[in-house]
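Quick notes on the structure that follows.
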Amino acid sequence: MTNNKIHQSTQAVWGGEKDYLVHGASQVPVVLSVAYTYDDMDEWYDVAIGKKKGHIYGRNTNPTVQAFEDKVKLLEGAESATSFSTGMAAISNTLATFLVPGDRIVSIKDTYGGTNKIFTEFLPRQQIDVALVDTGDHEAIEAELKKGCKILYLETPTNPTVKITDIARMAKAGHEAGALVIIDNTFGTPINQNPLEHGVDLVLHSATKFLGGHADALGGVLVGSHELVEQVYHYREINGATMDPMAAYLLLRGMKTLHLRIREQSKNAMALAEYLQTKDIVEDVFYPGLETHPNHDIAKRQMKGFGGMLSFSVKGGVDTVRDLLPKLQYANRAANLGAVETTVGPARTTSHVECTPEERAAMGIPEGLIRVSCGIEEIEDIINDFEQAFQHVETVMNV
């Protein structure tokens, strides 16, 4: 019997593009026009008020951008999608859409540093109550939810300690408390994890990372029900955090290989994590694919793959990091992740550079933590590269 379901690998290549091809082109064009002209005044009005499909002004919508949104929508199995200039714009615009003074939000302590700053610095200024709970302590999260809240905000796996939260359990608890459940799925990617299937209301991505995959375009995206996404779109169109058409084109092009990239990156991350466990200089390895990960069983249940991200801590802390990272020949030392090249960096200069050492310590992030975004290189070369770097450090430390 023929299976009529279109697989994600095929959707990554073809999905969302057909309606935007012009003049027989096989690729979606970059539409740079700021405005769109109409001879029929009634048609112009219908498009302007959303009664009819079309575009009127680049801050609102754009054909290239819409093709990108449609592709992500299909990959996440969502009704609707809207995009933003960056991943942080997606997060901040979404929270601003639904929160007003006097509201309460519950989240985890291990969110990305920029997100954490919103929770600890910006939302309290707006008289919004924020409760941050130890990541993975599902009972504590449920207890906070019972006190009432407007939003439950999750991130799983977390950046950079790749901790795991039970999505279905938390979505159920959030809805029982009357909360809107939002999740950052950047590390999970639509290939390895689809939170909407587990009851989440809205799913966010920093498209800059794995979706684009080539470290050459900034962007963010939100998917969910049409009703909820429309509310966020309205906030974004007025406040102006619009995705650039050229960025949308680059993200579209990158997403054509998303399925292949995620498969290789997940495989490489697993092999590297296993290798790192054998090194005496390594204190801890954090990767949900390892059976030693405290939430490995949850990750195995809700993820189709464990992803390309891992982190590890080293003996000697920051001093070891300073010696180790410059010796890597096939890794970018940069504040980015999800690219085809392996990228490394300590949390203190990447994901949580905005935080103080004390704040990082409170989140369980040691100063000697190294975040690794595995690329698509041959895994033997990645491991050999780490091995020669470790040998250098061990010689310096007389280990």
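For an aromatic pair to be called close, the ring centres must be under 6.0 Å apart, and Tyr153 with Phe119 satisfies this. Two rings, from Phe306 and His296, have their centers less than 6.0 Å apart.
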Start with the C-alpha distance between Val321 and Leu369, add both sets of side-chain angles, then the distance that settles side-chain contact (heavy atoms from CB on, under 4.5 Å), and finish with yes or no.
CA-CA 8 Å; Val321 174; Leu369 184 83; over 6 Å; no
Apply side chain to side chain donor-acceptor pair (under 3.5 Å) to the pair Thr208 and Asn336, showing each step before the final yes or no.
CA-CA 9 Å; Thr208 311; Asn336 189 39; over 6 Å; no
For the pair Leu290 and Met270, evaluate side-chain contact (heavy atoms from CB on, under 4.5 Å) and give the outcome as yes or no after the intermediate values.
CA-CA 7 Å; Leu290 296 173; Met270 186 70 200; 4.0 Å; yes
Could you go through Asp284 and Phe312, starting from their C-alpha distance and side-chain angles, then the distance that decides it, and tell me whether this counts as side-chain contact (heavy atoms from CB on, under 4.5 Å)?
CA-CA 5 Å; Asp284 290 296; Phe312 65 97; over 6 Å; no
Go through the steps to decide whether Glu69 and Ser80 satisfy the test side chain to side chain donor-acceptor pair (under 3.5 Å), and finish with yes or no.
CA-CA 8 Å; Glu69 294 169 348; Ser80 191; over 6 Å; no
Please walk me through it: do His175 and Asp201 pass side chain to side chain donor-acceptor pair (under 3.5 Å)?
CA-CA 9 Å; His175 290 149; Asp201 296 304; 2.8 Å; yes
Audit row: Leu258, Leu75, side-chain contact (heavy atoms from CB on, under 4.5 Å) steps and yes/no:
CA-CA 10 Å; Leu258 179 64; Leu75 288 171; 4.0 Å; yes
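Taken to the nearest 0.5 Å, the NZ atom of Lys163 stands 13.0 Å off from the CD1 atom of Ile298. Distance check: Asn239 CG to Phe84 CZ gives 10.5 Å after rounding to the nearest 0.5 Å. Taking CD of Gln391 as the reference point, atom CD1 of Ile281 lies at 11.5 Å (rounded to 0.5 Å). We find the OG-CG distance between Ser83 and Leu251 to be 9.0 Å, quoted to the nearest 0.5 Å. Interatomic distance, NZ of Lys209 versus CG of Asn159, reported as 8.0 Å (0.5 Å rounding). Note that the CD1 atom of Ile182 and the CD atom of Glu155 stand 13.0 Å from one another [nearest 0.5 Å].
Inter-residue side-chain proximity for Met170 and Leu154 is flagged as met; some heavy-atom pair is nearer than 4.5 Å. Met255 has its side chain out of reach of Leu252: every pair of non-hydrogen atoms, C-beta onward, lies at least 4.5 Å apart. Residues Val344 and Arg371 have side chains not in contact (no heavy-atom distance under 4.5 Å, counting atoms from C-beta outward). Side-chain atoms of His214 and Arg261, non-hydrogen and from C-beta on, do get closer than 4.5 Å to each other. Side chains of Val282 and Val285 form a contact here, defined as non-hydrogen atoms less than 4.5 Å apart. Residues Val106 and Ile151 fail the side-chain proximity criterion, which asks for heavy atoms closer than 4.5 Å.
For the residue pair Thr161 / Thr158, a side-chain donor-acceptor distance below 3.5 Å is found, with atom types taken as modelled. Using a 3.5 Å distance cut-off with no hydrogens or angles, the side chains of Ser225 and Glu230 do not pair a donor with an acceptor. Checked by atom type, the side-chain pair Lys304/Asn194 shows a donor-acceptor distance below 3.5 Å. A donor and an acceptor atom, one from each side chain of His205 and Thr186, are nowhere located under 3.5 Å apart. Residues Glu237 and His234 bring a donor and an acceptor atom of their side chains to less than 3.5 Å of each other.
Side chain of Glu341 to backbone of Gly375: no donor-acceptor contact under 3.5 angstrom is found. A distance-only check finds no donor-acceptor pair linking the side chain of Ser311 to the backbone of Ile370 [under 3.5 Å]. A donor-acceptor pair under 3.5 Å is absent between the side-chain atoms of Asp103 and the main chain of Leu99, judged by distance alone. Side chain of Arg236 to backbone of Ala89: no donor-acceptor contact under 3.5 angstrom is found. One N or O on the side chain of Asn384 and one on the backbone of Glu380 form a donor-acceptor pair closer than 3.5 Å. A donor-acceptor distance shorter than 3.5 angstrom exists from the side chain of Gln388 to the backbone of Asp385, with no hydrogens or angles considered. A distance-only check finds no donor-acceptor pair linking the side chain of Asn332 to the backbone of Ala334 [under 3.5 Å]. A donor-acceptor pair is defined here as one N or O able to donate and one able to accept, closer than 3.5 Å; such a pair exists between the side chain of Thr135 and the backbone of Asp110. Without hydrogens or angle criteria, Glu377 side chain to Thr342 main chain gives a donor-acceptor distance under 3.5 Å. One N or O on the side chain of Asp137 and one on the backbone of Ala140 form a donor-acceptor pair closer than 3.5 Å.
The existence of a salt bridge linking Glu121 and Arg125 is confirmed by a sub-4.0 Å separation between a basic side-chain nitrogen and an acidic carboxylate oxygen. Ionic pairing of Glu176 and Lys172 is present here: one or more N-O contacts between side-chain nitrogen and carboxylate oxygen are shorter than 4.0 angstrom. Lys315 has no carboxylate O lying under 4.0 Å from a charged side-chain N of Asp280, or vice versa, which leaves the two without a salt bridge. Remark: Glu17 engages Lys71 in a salt bridge, criterion side-chain N to carboxylate O under 4.0 Å.
The cluster map of Ile, Leu, Val, Met, Phe, Trp and Tyr, joined by side-chain heavy atoms under 4.5 Å apart, puts Met88 and Ile128 in the same cluster.
Contact record, Pro245 with Asn62: CG-ND2, 3.5 Å, taken as the closest heavy-atom pair. Nearest heavy-atom pair across Val28 and Leu21 is N-CD2, 3.6 Å. For the pair Ile379 and Ala271, the tightest heavy-atom approach, listed with the atom from each and the gap, is CG1-CB, 3.6 Å.
Summarising the local packing, NZ of Lys279 is surrounded by more than 12 heavy atoms from other residues, nucleotides or ligands at distances under 6.0 Å. Summarising the local packing, NZ of Lys256 is surrounded by more than 12 heavy atoms from other residues, nucleotides or ligands at distances under 6.0 Å. Within 6.0 Å of atom CD in Glu139, more than 12 heavy atoms from other residues, nucleotides or ligands are found, so the atom counts as buried in its surroundings. For Lys267, the NZ atom sits in a loose shell: 12 or fewer heavy atoms of surrounding residues, nucleotides or ligands are nearer than 6.0 Å.
Aromatic ring orientation, Tyr38 versus Trp44: parallel (interplanar angle below 30°, classes split at 30° and 60°).
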